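Everything on this sheet refers to the single structure shown next.
Note that the coordinates shown come from a computational prediction; the quantities given were computed from them, not determined experimentally. Throughout, a chain's letter reflects where its sequence line sits, starting with A, and its residues are numbered from 1.
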Amino acid sequence: MQIPNKYEAKLVEEKWREYWDKNKIYKSSVNIAKEKFSVVIPPPNITGILHIGHILNNTIQDVYCRWKRMKGFEVCWVPGMDHAGIATQIKVEEDLKKQGISKYELGREKFVQKVWDWKEKYGVIIFQQLRKLGVSVDWSKERFTLDKGLSKAVKEVFVDLYKKGYIYRGKRIVNWDNISQTALSDDEISYKEQKDKLYYIKYPIVGEKGSVVIATTRPETMLGDTAIAVNPDDTRFSSLKGKYVILPVVNKEIPVIFDSYVDMEFGTGALKITPAHDANDYEVGKRHNLEFINVLTKNGKINNNGLDFEGLSIFEARDKILRRLQQEGHLERIEEYTHNVSVSERSGAIIEPYLSDQWFVSMKKLSEPAIKVVEEGKIKFHPEKWTKTYYYWLNNVRDWCISRQLWWGHQIPIWYNKNTGEIYCEVEPPKDIENWEQDQDVLDTWFSSWIWPFSVFGWNNSENDKQNLELKYYYPTDFLSTAPEIIFLWVARMIMSGLEYMKDIPFKDVYFHSTVRDSKGRKMSKSLGNSPDPLKVMDDYGTDALRFTIIYLAPLGADVLFEDKNTEIGRNFITKLWNAGRFLIMNKEKVNSSDEFGNDEPDYNFTEKWIDSRFNETIKEIEFYLNSFRLNDYAKSLYSFVWSDFCDWYIELTKVKISTNPESARKSISRALDIYKKVLKMLHPVIPFVTEEIWHLLNENVEEKSISISDFPVQNENYINPKTEKIFETFKDLVTTTRTERAKFSNINNYKYNIIVKPLTSASRENIDQLRFSLKSLINNKGDIIVENSDSKFNGTDGEYFSVMFDFTNGIPQIKVEEIENKNTREIESLKSYIQTLKMKLTNKIFLEKAAIDVIEKEKQKLNESKEKLDKLSKM
RNA sequence: GGGCGAUUAGCUCAGUUGGUUAGAGCACUUCGUUUACACCGAAGGGGUCUGAGGUUCGAAUCCUUAAUCGCCCACCA
């Protein structure tokens, strides 16, 4: 049989992508005979390109989907995309700008059509990239947050919440972006340090001589001042109770109010209150029933509340007002000042706090049951620490502003009567539409994603839902993997909507994956240009290599530093796996079907016993790790089994047998093949392509379609044998020590040394021979190995332990292997450390067997003493 | 300012309820191409587990404290 000596990831991967697509391997349908495992993808933005965080998140989901599928679950992984309101709108606006077109020229309808055109053209890119990653999603179930069904669901939810009184219209200071002409959410703004000036302005006290000095960076907003505030505990101002001050420039009397919000330490301790242009002032204004005077237009000019400053830009107005203050003698002084200003992440505009009408969802009632389901453990967070963040946020929940001044998105299903001003809120537009005007705003993008776990299955808030088999079967979903940053934006809200509309949790386990950072620990970001291009990494190293590496490196609950070069871990491992497969395939022909080890045969010797034990233990481990959401340990466990146990020892020993005992070798290879195939299955969830490829190379004539629908191996406890493993460890120790010693003497010509192996209980002749040959080969055929016979026999189970001893007394190094009588484990452990001591003494060439025994005796005594102590203690 | 977390080998990190000799990968040194693999094999060097106290027969692990760093949230006129 031919097997290429190099694994060509690129060719192989595309072959299997096509195969999986063509055979619809990952298509899911309702099958009540089977237990289901359903996952909805966190929908990537249509503007998105795959970044390293996506690789991690989607590989995590794929590992679980593939694993559960192999374990016999009906797995359904729903792919989809998010329309990403503002991000997409800005992208299209930019494109149009390049052509010299503004969205206002086009008008709303045509502009939205342009966005749809753009979506058709570029929206598929992220899917193509996900496909490249090898995700086992059911493509036939693809959803988009703006498609018909989902739009209907969004409207249903809005109308329902409105009718329940959860949705209300309110004033709110929004983050206004003058350039994009839209309100931004807090998450769409960032802070930038900026040098500014702090102006100290005198407000004369009415009916008194003095004045109160306040400090501000925004003098132009004083046009909208409706009070000044001081801290009630601030004795400097206690005489001002009930007093008024004159607002300079405007020449209006405004009250002095007392509010603990004011920081006594900052500035002068007195603060001007502009409720319409500052979020905190707004809160203060509400507490004290102040007037809200808006002095700005939507494009950042002074409006008609701004006296003769009307029409000026913010900066023009600032200059003019400062001059006026100067003239009137109200400007006390100016200081240099560095502070943070908020900036739009998208357009770079400085954010203007702006009071406007917005729609809100009242969150208090919705959040209570959402807290409960997490407290009760119905939904589990992994790692658990995120529950703290979750509780903190939900206990301090603020109402959700859901309106956005955009064109791309779900337009709010509210109509205003042109004549009466009456409000109409229904899923369908009013019949006499000509008398109504629809609200111009669209809904926050999260308003469609918060119902994602049920809307994707066709939920539409009608009687049909009860007949909707998919909804009934797949909801609640089982697993959600996402970034901790959106725990509140998305995860918490999905839990609320799920409980409200499905009367059930939306998912059972939530996995918060690591944040991927660059090698210097910085967050990956476009502006830093430090984000590796995953597509290039996939081309350079192979998709499996990247998948394996990222899972291997990302522990539960910690950040992961990543650079391209790391991917060598995965690539090298895959090469190793591939070559082990080559070795087995090359030797496969030597194997007859009858060459299987019977487990009771004498030939089922301790090498086989050992690998069986290690292997079954590995199955057990990975099962545990996957169930505990410790994916990196899952990867590590297999990595070390394949490399350290299977390749370095088992296959190497098999080679020894090939030259010494062909009969036994055939059986070992047969055993190795059996284990290897199972290992492929165990690795398939994380490295699907290469395992599929080797699987088919190994199973040329076998009926099985794809490794991804084969059975996942199950451990057999009976094979797990700690004693055998210990014996093998000692054997390894013996070999290693011998090699070490040999290396030291390798410079001295032909230094001869013997190894004396004193076999343990009930050893068959063959076993002794095998042990001898193994040793001889593994230490490179130098020196003699003397295997002594003994009355007791070796079988690897009755013998508890070997001790390794060295003797230099004749000038010829000798190594003795001796059994130590049955001891309890703890004692054996401690004795083992003396073997180490002995080794050290050996290197110093001052070893005396007797001394060693003395030391052992001494230690035994010590152990007994501490045991007695323990006994005493436990009796107390 | 509020909350969370970290500090272990040159680098990136494991170390599961306290218990043998603190592990792995990369990097480094030496040796080696014996027909799976140089994207390899063998061997080796390298750690007072951030500092200081404490609990314990025993602490990287638990407690107190200090220092340094990181993240999330809020944000000062």
Side-chain angles (χ1 to χ4, degrees), chain A residues 3 5-7 186 191 198-199 214-218 221 229 261-263 265-268 270-274 278-281 337 339-340 342 383 385-386 388-389 392-393 396 484-485 487-488 515 517 519 521-523 541 545 552-553 555 557-563 565-566 568-587 624-625 628 630 632-633 636 639-640 643-644 647-648 651-652 655 658-659 735-736 739-744 746-747 777-781 825-837 839-840 865-866 869-870 873:
Chain A
I3 175 162
N5 55 12
K6 204 166 179 332
Y7 173 61
D186 291 344
Y191 294 93
L198 194 58
Y199 305 95
I214 59 92
T216 180
T217 52
R218 304 280 319 268
T221 61
Y261 158 68
V262 183
D263 180 357
E265 307 295 319
F266 191 88
T268 61
L271 174 63
K272 72 192 215 35
I273 300 294
T274 322
D278 182 281
N280 290 308
D281 289 10
Y337 182 59
H339 66 148
N340 284 337
S342 33
K385 66 170 183 180
W386 291 111
K388 288 186 188 168
T389 314
Y392 178 78
W393 268 335
N396 298 285
E485 295 100 82
I487 189 166
F488 183 64
T515 306
R517 300 175 185 285
S519 55
R522 297 173 305 186
K523 214 167 175 172
Y541 294 93
Y552 183 92
L553 288 178
D559 290 348
V560 55
L561 307 187
F562 183 86
E563 51 185 326
K565 202 171 167 289
N566 291 149
E568 287 179 6
I569 298 171
R571 184 205 50 192
N572 293 353
F573 176 63
I574 285 159
T575 308
K576 189 75 183 175
L577 183 71
W578 177 261
N579 279 306
R582 279 186 67 214
F583 173 80
L584 294 175
I585 288 171
M586 284 161 67
N587 287 285
F624 171 74
Y625 289 141
S628 325
R630 289 163 59 171
N632 66 321
D633 287 324
K636 277 184 180 142
Y639 181 95
S640 97
W643 207 307
S644 312
C647 291
D648 287 351
I651 288 188
E652 288 308 315
K655 285 188 196 164
I658 289 174
S659 59
V735 172
T736 305
R739 282 169 176 164
T740 311
E741 292 308 315
R742 205 186 69 75
K744 281 178 194 152
S746 63
N747 295 331
S777 162
L778 289 168
I779 64 172
N780 252 1
N781 286 317
T825 317
R826 180 63 57 77
E827 248 177 299
I828 286 169
E829 293 304 315
S830 113
L831 288 177
K832 202 180 165 194
S833 76
Y834 282 96
I835 294 171
Q836 187 71 22
T837 316
K839 276 187 204 168
M840 282 167 63
E865 276 169 19
S866 47
K869 255 186 195 168
L870 271 173
L873 280 170

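The side chain of T216(A) sits closest to rA77(B) out of rA36(B), rA77(B), rC73(B). Closest contact between the side chain of F624(A) and the listed nucleotides rA14(B), rU16(B), rA77(B) involves rU16(B). In the set rC39(B), rA14(B), rU35(B), rA14(B) carries the atom at the smallest distance from any side-chain atom of D633(A). The side chain of Y552(A) lies closest to rA24(B), out of rA24(B), rC39(B), rA36(B). Looking at the side chain of W393(A), the nearest of the listed nucleotides rC39(B), rA36(B), rC72(B) is rC72(B). Considering only side-chain atoms of K655(A), the nucleotide from rC39(B), rC76(B), rC37(B) that sits closest is rC37(B). Here the side chain of Y639(A) is nearest to one of rG25(B), rU16(B), rA36(B), namely rG25(B).
Following rounding to the nearest Å, I487(A) (CD1) and rC72(B) (C1') show an atom-to-atom distance of 10 Å. In this structure, F583(A) atom CZ and rA36(B) atom P are separated by 6 Å, rounded to whole Å. Atom pair I273(A):CD1 and rA77(B):C1' shows a separation of 9 Å (rounding to whole Å applied). The CG-P distance, from L271(A) to rA77(B), rounds to 10 Å in whole Å. The OH atom of Y392(A) sits 12 Å away from the P atom of rC73(B) (whole-angstrom rounding). Between the OH atom of Y625(A) and the C1' atom of rG15(B) there is a distance of 10 Å, rounded to whole Å. Spacing between atom CH2 of W386(A) and atom P of rC71(B) amounts to 12 Å, rounded to whole angstrom units. Per the geometry, CG belonging to D281(A) stands 11 Å off P belonging to rA77(B), to the nearest Å.
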Dot-bracket for RNA chain B, please, read 5' to 3', with Watson-Crick or G-U wobble pairs under 3.5 Å on both distances, ( ) within the strand, [ ] crossing, | other strand, . unpaired. (((((((..((((.....[...)))).(((((.......))))).....(((((..]....))))))))))))....

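Rounding to the nearest 0.5 Å gives a distance of 8.0 Å between CZ of F583(A) and CD of E652(A). Between atom OH of residue Y552(A) and atom CG of residue D633(A) there is a gap of 10.0 Å, rounded to the nearest 0.5 Å. Rounding to the nearest 0.5 Å gives a distance of 8.5 Å between CG of D278(A) and NZ of K272(A). The line from CG of L577(A) to CG of N572(A) is 12.5 Å long, rounded to the nearest 0.5 Å. Taking OH of Y639(A) as the start and CG of N632(A) as the end, the distance is 14.0 Å to the nearest 0.5 Å. Going from atom NZ of K6(A) over to atom CZ of R582(A) covers 11.5 Å, rounded to the nearest 0.5 Å.
Using atom C1' as the reference point in both rA59(B) and rU64(B), the two lie 15 Å apart (nearest Å). Remark: the separation of the C1' atoms in rU21(B) and rA27(B) is 25 Å, to the nearest Å. For the C1' atoms, the distance linking rU30(B) with rU12(B) amounts to 25 Å, nearest Å. With P as the reference atom, rA60(B) and rU17(B) are 14 Å apart, rounded to whole Å. Only the P atoms considered, rC76(B) is 39 Å distant from rC62(B), to the nearest whole Å. Here, rA6(B) and rG45(B) have their P atoms 32 Å apart, quoted to the whole Å. For the C1' atom pair drawn from rA66(B) and rU7(B), the interatomic distance equals 13 Å after rounding to whole Å. With C1' as the reference atom, rC49(B) and rA24(B) are 16 Å apart, rounded to whole Å.
In this structure, I214(A) and L271(A) approach most closely via the heavy-atom pair CG2-N, 3.8 Å. Contact between A545(A) and I574(A) at its shortest, heavy atoms only, is N-CD1, 3.4 Å. Scanning both residues, I487(A) and W393(A), for their nearest heavy atoms gives CG2-CZ3, 2.7 Å. Across all their heavy atoms, T274(A) and T221(A) have their closest contact at CG2-O, 3.2 Å.
Counting any heavy atom pair closer than 4.0 Å across all strands shown, W578(A) reaches no nucleic acid atom.
If R571(A) and E568(A) are placed on RNA chain B by their nearest nucleotide, the residue sitting closer to the 5' end is E568(A). Mapping N579(A) and K272(A) onto RNA chain B by nearest heavy atom places N579(A) closer to the 5' end of the strand.
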Anything under 3.5 Å between a protein N or O and an N or O of nucleotides 40-42 of chain B, put it in a table, one pair a line.
residue	atom	partner	partner atom	Å
rC40(B)	OP1	N572(A)	ND2	3.4
rC40(B)	O3'	K576(A)	NZ	3.2
rG41(B)	OP1	K576(A)	NZ	3.1
rG41(B)	OP1	W643(A)	NE1	2.4
rA42(B)	O3'	R739(A)	NH1	3.3

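In this pair, F573(A) and W643(A) present their aromatic rings parallel. The plane angle is below 30°, not in the 30 to 60° band.
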